[in-house]
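Structure first, commentary second.
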Amino acid sequence: MIEVLIDGILFGLQLALLAVGLVLIFGLGGVLNLAHGEFVIITGITAGMLSSLGVNILISITTGVLLAGVAGVAMDRTLLRPVYKLSGEMEILVGLFLTLGLAAAIDGVIAYLFPGLHFSINVPVEAISFFGLAFRPSSLIAGLVAVISLLLLLFFLRNTTTGKAIRAILQNQTGARLCGINVDNIRTLVFLLGGIMAGLAGVAQGLSSSVDPGAGLELTSLALIVSVVGGVRSVYGAIIAGLLLGIVNAVVSYLVGTYLALIILLVVVIGVVLFKPSGLFARSV
Amino acid sequence: MEAILSVERLQAGYRGLNILWDVDIEVKEREVVSVIGPNGAGKTTLLKAIFGLIESKEGEIKFNGVRINDLKPHKRVDIGLTYVPSERELFPELTVEENLELGAYTKRARNNKDNLLEQVFEFFPRLKERKDQLAGTLSGGEQQMLAIARALMSAPRLLLLDEPSTGLAPIVTLSIYEKLKELTSELSILIAEQNVHQAFAISDRIYILENGRTVASGKPSELSEDSLIKSAYFGVSE
Amino acid sequence: MWKLKRPGSRLSSSPVVLLIVFVILAIIPSLLKNPYQLRVLTIIAIFIAFTYAANIIFGESRQLFLCMSAISGIAAYTSAILSIELGLNPWLTILIGIAFSTAVGSLLSYVSVSRGLGVIFVAIVTLAFTLIFENTILGLRSITMGETGLVVPTLWWPLEGLFGRRLASYYVILAYSAIVALIYFMLIHSKFGMALKAIRSDNVSAEVIGIDVTKHQVMAVALGSSILGMGGSLYAYYQGMASPGVFSPLMDITIFLMLILGGFGAPIGPIVGAVFIILIQELTRGLGQLTMTFFGGLLVVLILIFREGIASIFDKVATYVYYSKRS
Amino acid sequence: MDSLLKCIDVWKSFGGFDALRGVNIEVYGGEIVGLIGPNGAGKTTLLNLINGVLKPTKGKIVFNGHVINGKKPHNVCKLGIGRVFQIPRPFFEMSCVENVVTALLFNITHSKHSVEEKAIELLEFVGITDPSATPDAITLQDKRRLEMARALATNPRLILADEYMAGLNPSEVKDALKLFKRVKEELGITILWVEHVMHAIMGLADRVIVLDHGVKIAEGKPSEIVKHKKVIEAYLGG
């Protein structure tokens, strides 16, 4: 049972990494990024390819993560440009369709170029045991990577002026303009961050199990679920909801099976949207 | 004295709805100017257009002699313009100090942040006491102080103030106006105000706006509460 | 209809054009050489109806339902399961299936309209519903056969004796989509259609002039859902099976592509969209997974530069031809 | 005279903020009643409560013998209350005549041909000369007229008009006043009218009700209201 819990926490951390980016991008750009899961895939494929060519694993991973960030910036600066000129319902619809189209396009290319590929990172160290429990070292590292990245993100948001500007825009866009904050530039930065965080989620997943290149939309849906439950504009909420849902998912899967676990999560999402649309843990960082 | 702000033949408004028609306004260095008029007259629209939150359709806005019509709001903050809307637009879930820190976001102000913060705290000691409190938990008057203080953190040369008395008890309004008077030794202020008495007490000059047009202007002593103002408010001349 | 029309400008809305198109669709089989081509044509006919449903739910009533596959799948699976488990007549179970998907669609709409959910939350709720449906089908392996899909009993298609099975099923399905097109045409020219137009223009204004917004929005989805349900069941019986691969989110994307490609307001749009997309799908079969890339890219391009849809091009050409002839 | 509309001790709060605090008003059949007050007085909120866009927190609203608080706007409309918004909200996807036709179709049973004639008649009544124009192509004045025509098409006994004159120039205001007069005199429709342009309201309203900070502070003939001490204080600031 404790193994199940630990698995849940690990999965929860990955979910949190995915969801924080989605939340930040939605909060600042007004775009619900349906291509968010693709960042994970980009990282996975890049790191996998580079390391199979004999490149040092750390360099491969770093390149993969950075590439996801670059992809985020590119999205912001090219594809999504027209969205920011729109407002209200149109802004949301166009953003949804554009990112959905992009996700489908990327999925197709990847499935065509790398059929059946699964990316995973092997750590050549033997299992470690604490208190009589055996840990796979790769899982430990995955957990560490996730925890450190999340802590760094929180530190950045809480303690730097730029981080505070991001939180300020999340709370009040007009107020941010009054302070002389260039909202466009900060938005680009947030796409970079979102891409990187998702890329790190990919790294964590590659360490603990493997990244399935066909799972882009599935990963996006998971990130969506987490961000809705956490409150669509709350970074803290996303982290807490990610951990909680990760644990719930692991425990329920263990007890009653995978399908039912996912269904329960989805029902929770619908319930949250209907009865507490601001999310269960809403509080912007 | 040089004019820090001059607005000429300004027309502005929203989609299909022009609110301002040929408005002319001037603010000189270290001057307090009030725009008064009934609500719906276009006072808020005027300030928003000057700050760049609403595009101006016709006419010219000059700051320090330079045309700024096409400048984005954050650039206007950069050159020394700042705006405190009546909604205050604070960051409710940031602390008082963080709100102030963001007020000094522009490069020019950021280098001088500590000094500015000290000055602002000296000016509003109440805010210093509450610096670690979340802005959303402040009282109405304190929030108004914070909004003004945050604007001051950008080291402005011209402060645009929209109805600082909105939603405040008269005694709080009074203390805020007293504070404003102290400020004018260093910068110019343009206030949109419904509260005619306050405007008369504090302003060097006054413009009366009615239905999107400037209908009168002058020193308070020239205008006083004569039939002109009553006509602007009630449409009757005695 | 009260709009002063420029001649030629609304070719894509003309009932005559609509009629001609369906007559052509009815004649085409006699020109076809092999069963494969007829099969493609049949699938086009089904997707024409699906796209009309999407045009009612999203185009006319602006409710972003990302669960059209699930709604039509519900009817298909309900019908299949009832006829297998209880041995009921398939046509009867199709009716029950339609009732089911209509009820589910209406409930989703009622809940989202009465809770005042914005576009994004409607999208999230319906997307979650799609995933619930998918996972239920996969999870209830003992009843649904999971990924493999459920083999359905043979359906007796009217006129089978006359045309043979393949052609009869095509004509039944074509008749169904023609009726759907007619319903759509009548809808946009009815009081109900005006209400939907008013609501999507400004729902507050619509309320204050006496239009019951909730009722009309829910009715639009109910109508769309019953069309989806009928189409889903026919699709399943035509294929001989109900499988999660067919009723997947990809189906939603395909339908939206057809809708956007064809253009929203025009009655002929869904036909144009369905024909184009299915043909492209068939022609690019050799590309394998790249088809998905192609569609994704197409969606992006359409949204960026071409939001009016292809049907509007016909209008522009027609207007141009009309005026150049006169001068 | 019978009272057509009666608001009894109506309260409305948004979160912790009380926008209306126990308002009692009465409107009689055939009157034009002006509703005035400074910004944030709660005027538009009151209109929204009456036609069901918002639900009162407390209190009762009776129209023509029916209790209407909590009823949905479309039901309130059917009982005979029409609404004219401050920022016009026409159906932008429809021409002017279609806008009015839609309103007619959902309120009275006509055959379609007579509906179109009736719509054109109403558009002529309010002064719109091109019924086939689309709403984004017409002037603000015509948009307001269209709002009025659409409200009239719902066959109302009472029209709630929100700042009808805002943004209109003096000659357009004159036209609008004439229209109000005709609506009252020729069609026998009662008007409850929120307005900022005071001289407009003073010349036309039979009675004026003044709100300030969510409370009714005065009520009476326009000439009395102008002299009312509390009103002057509310407007000019105490």
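Because only heavy atoms are used, hydrogens play no part in the values below, and waters and symmetry mates are left out as well, while side chains stay in. Just so it is clear: chains get the letters A, B, ... in the order the sequence lines come, proteins before strands, and each one is counted from 1.
- Nearest heavy atom pair, residue A:Ala165 against residue B:Tyr105, reads CB-CE1, 3.7 Å.
- In this structure, the portion of B:Lys72 lying under 4.5 Å from any heavy atom of chain A is its side chain and not its backbone.
- No donor-acceptor pair under 3.5 Å is formed between the side chain of B:Glu89 and the backbone N or O of A:Asn172.
- The shortest non-hydrogen separation linking B:Pro85 to A:Leu178 is CD-CD1, 3.4 Å.
- With a 6.0 Å radius and a threshold of 12 heavy atoms from other residues, nucleotides or ligands, B:Glu8 has its CD atom above the threshold.
- Within the model, atoms CZ of A:Arg167 and CG of B:Leu94 stand 5.0 Å from one another, a figure rounded to the nearest 0.5 Å.
- Both the backbone and the side chain of B:Leu102 come within less than 4.5 Å of a heavy atom of chain A.
- Surrounding CD of B:Glu122 are at most 12 heavy atoms belonging to other residues, nucleotides or ligands under 6.0 Å away.
- When all heavy atoms are compared, the tightest approach of B:His74 to A:Asn182 is CE1-ND2, 3.2 Å.
- For CD of B:Glu118, the number of neighbouring non-hydrogen atoms (other residues, nucleotides, ligands) closer than 6.0 Å is 12 at most.
- By the 6.0 Å contact criterion, CD on A:Glu218 is open, its count of non-hydrogen atoms from other residues, nucleotides or ligands being 12 or less.
- For A:Asp184, the part lying under 4.5 angstrom from a heavy atom of chain B is the side chain only.
- The candidate with the highest count of non-hydrogen atom pairs below 4.5 Å against chain A, out of B:Arg150, B:Met153, B:Glu87, is B:Arg150.
- A search for side-chain contact (heavy atoms from CB on, under 4.5 Å) contacts involving A:Val183 returns A:Ile169, A:Gln173, A:Arg177, not counting sequence neighbours.
- Shown here for B:Glu93 and A:Gln171, the closest heavy-atom pair between the two residues is N-OE1, 2.9 Å.
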